[in-house]
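Notes to accompany the following structure.
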2 protein chains.
Amino acid sequence: MSGADLDRLAATAIVITLRAGQSIIEEGGIARHFFTLTSGTARLFKSLPDARQQIVSFAGRGDLLGLAYGARYTTGAEAVDEVRLCRFSRQGLHDLADAFPDLKRRLLSITSNELVLAQEQMLLLGRKKACERLASFLVMRAGRTGDADAGTMARPAGGWVVSLPMRRVDIADYLGMTIETVSRNLTLLKARGLIGVNTLHQVAILDLPALECLAAGQ
Amino acid sequence: MSGADLDRLAATAIVITLRAGQSIIEEGGIARHFFTLTSGTARLFKSLPDARQQIVSFAGRGDLLGLAYGARYTTGAEAVDEVRLCRFSRQGLHDLADAFPDLKRRLLSITSNELVLAQEQMLLLGRKKACERLASFLVMRAGRTGDADAGTMARPAGGWVVSLPMRRVDIADYLGMTIETVSRNLTLLKARGLIGVNTLHQVAILDLPALECLAAGQ
DNA sequence: CGGTAACTTGAGCCGCTTCAATCCGCGTGG
DNA sequence: CCACGCGGATTGAAGCGGCTCAAGTTACCG
């Protein structure tokens, strides 16, 4: 996006700050806006009538929300921790996309990328065992090299440190399992010496190669 | 795509016919081409080293293969039954997309659509029970209103007839379960009077509302 | 410190997988 | 035209991984 594009878009922008748990996008609602996340983490999810939930992705700083859909939002979005975002008119983007082909290329690139991630997640949900899922999740989180506030990591003496701003129930809903299974397998990975659990929301990766191996299903 | 675009693209095209089981795209291979499927059905899949497989989608007539990826194919593709397709140069498409912004819009629309379907499938794989998965699959297949040769349906006296060109193992790999569970649940749905199994590759939907209800998780 | 929400741990159970046997459909050749 | 053979599908029995339910523990916040 060039500076001029951004300026025109910025004219319709509203800055919003939300606390943990508050709703950003209502699943099935009419898609009037889209958002850019400037700080914090959000969960994008789909639900079944009896409250079963599947988190489709976590969004961090710089990510766009509410884009890849038609007239209605097909996923909901909620704040995982304190979230700041800019709200834009959806129509504004469409006008802009018509005027600036480069923007379309950018949107295509973002969407393609999300599709590849979604397909990787389908492999995880359909075919991986619980501990492989958790390993995949931790490796993926470690790969977010500080591009999001909540996903920052550093390399202290103890190894890679991964921050997990979400609660266990979010991890469970992302990996298609229960909080108990998440908890048990975290303990398991810790007992095997692959990770260290520093606090509830911070995990140290002690043996990244072994974790990657597990994540790959070997 | 306008006629002129197609003409330029067609200059690089090669028509290919494959038998059931033959490979179209090798997972992880360098992405030199893309394909349009003109008849038959293909499976797109991702694999783990120990041969566990997840089918990410089935492609029918008119679908594009090998598009939404980077330098390498992130999913493999194989023929489910006899498949005819046109092979195009990937570079040709990129040149064309730069010259004709409308094509980009089209690609974005296709990719967005696939993303929405992928997210729906994540909900299925992560949170639905075996019989709900099978019901979802059959309803989805019934929804393909004859846009693909292999997915055609008609409405005879007995109800909607859905054609399933793929084998049970493909259905299992698509729904994240085993062939035995697929088979058992087909028998179950039949016993409940929701479907009738005409042949191995053709199922009659006798109670679509009930099947949709089951698919939605109610 | 107390209170509460979130997390961990334990015990028992259930749905799906695994392993194995049988059945069916279809093509082939006698 | 029918017997045979083979790959794929169904059915059965047993085991197990993850779920459910329940209790205990920890982190966090006023």
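No experiment lies behind these values; they were computed from the predicted model shown.
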- prompt: With a non-hydrogen cut-off below 4.0 angstrom, is B:Thr187 in contact with a base, only sugar-phosphate, or nothing?
  reply: sugar-phosphate
message: Give the residues of residues 211-218 of chain A touching DNA chain D, defined as any heavy atom closer than 4.0 Å, sorted by residue number.
response: none
- request: Say whether, by atom type as modelled, one donor and one acceptor occur between the side chain of B:Thr111 and the main chain of B:Leu107 under 3.5 angstrom.
  value: yes
field: Backbone of B:Ser39 reached by a side-chain donor or acceptor of B:Arg84 within 3.5 Å
entry: no
message: On a heavy-atom basis, which atom in B:Leu200 and which in B:Arg168 lie closest, and how many Å separate them?
response: O-NH1, 2.9 Å
task: Specify the separation, in whole Å, of atom CZ of B:Arg133 and atom C1' of C:dG15.
output: 11 Å
message: I'd like to check the salt bridge (Lys or Arg N to Asp or Glu O under 4.0 Å) partners of B:Arg43; sequence neighbours left out, ordered by chain and number.
response: B:Glu78, B:Asp170
field: Polar side-chain atom of B:Lys46 near backbone of B:Ile55 as donor-acceptor pair, under 3.5 Å
entry: no
message: Tell me the interatomic distance from B:Leu175, atom CG, to C:dC16, atom C1', rounded to whole angstroms.
response: 14 Å
Please tabulate the protein-to-nucleotide N/O contacts below 3.5 Å involving nucleotides 14-20 of chain D, giving atom names and distances.
from: D:dG18; atom 1: OP1; to: A:Ala130; atom 2: N; distance (Å): 3.0
from: D:dC19; atom 1: OP2; to: A:Thr178; atom 2: N; distance (Å): 3.4
from: D:dC19; atom 1: OP2; to: A:Thr178; atom 2: OG1; distance (Å): 3.1
from: D:dC19; atom 1: OP2; to: A:Thr181; atom 2: OG1; distance (Å): 2.4
from: D:dT20; atom 1: O4; to: A:Arg184; atom 2: NH2; distance (Å): 3.0

message: Test your reading of the model: is there a side-chain donor-acceptor pair from A:Asn185 to the backbone of A:Ala130, 3.5 Å cut-off?
response: no
query: Taking the side chain from B:Ser112 and the backbone from B:Leu108, do they hold a donor-acceptor pair closer than 3.5 Å?
result: yes
task: Over 60° means perpendicular and under 30° means parallel, so classify the ring planes of A:Phe137 and A:Phe58, tilted if in between.
output: tilted
- prompt: Rounded to whole angstroms, how far apart are CD on B:Gln202 and P on C:dG25?
  reply: 14 Å
message: Nearest whole Å is fine: how far is C:dC19 C1' from B:Ile179 CD1?
response: 12 Å
message: Rounded to whole Å, please give me the gap between CG in A:Leu186 and P in D:dT26.
response: 17 Å
- prompt: With a 4.5 Å heavy-atom cut-off, do B:Arg32 and B:Arg90 have their side chains touching?
  reply: no
Lys/Arg-Asp/Glu bridge criterion (N-O < 4.0 Å) met for B:Arg52, A:Glu132: yes
message: Which residues pass the ring pair (Phe, Tyr, Trp, His ring centres under 6.0 Å) test with A:Phe35, not counting sequence neighbours?
response: none
B:Gln22 atom CD, over 12 foreign heavy atoms within 6.0 Å: yes
task: In whole angstrom, give the distance that lies between atom CG of B:Asp173 and atom P of D:dA9.
output: 12 Å
- prompt: Heavy-atom distance under 4.5 Å between the side chains of A:Ile179 and A:Ile171, does that happen here?
  reply: no
Pairs under 3.5 angstrom, nitrogen or oxygen only, protein versus nucleotides 4-6 of chain C, please.
from: C:dA6; atom 1: OP1; to: A:Arg167; atom 2: NH1; distance (Å): 2.8

query: To the nearest 10 degrees, how far apart in direction are the end axes of the helix from C:dC1-D:dG30 to C:dG30-D:dC1, each fit to five base pairs?
result: 30°
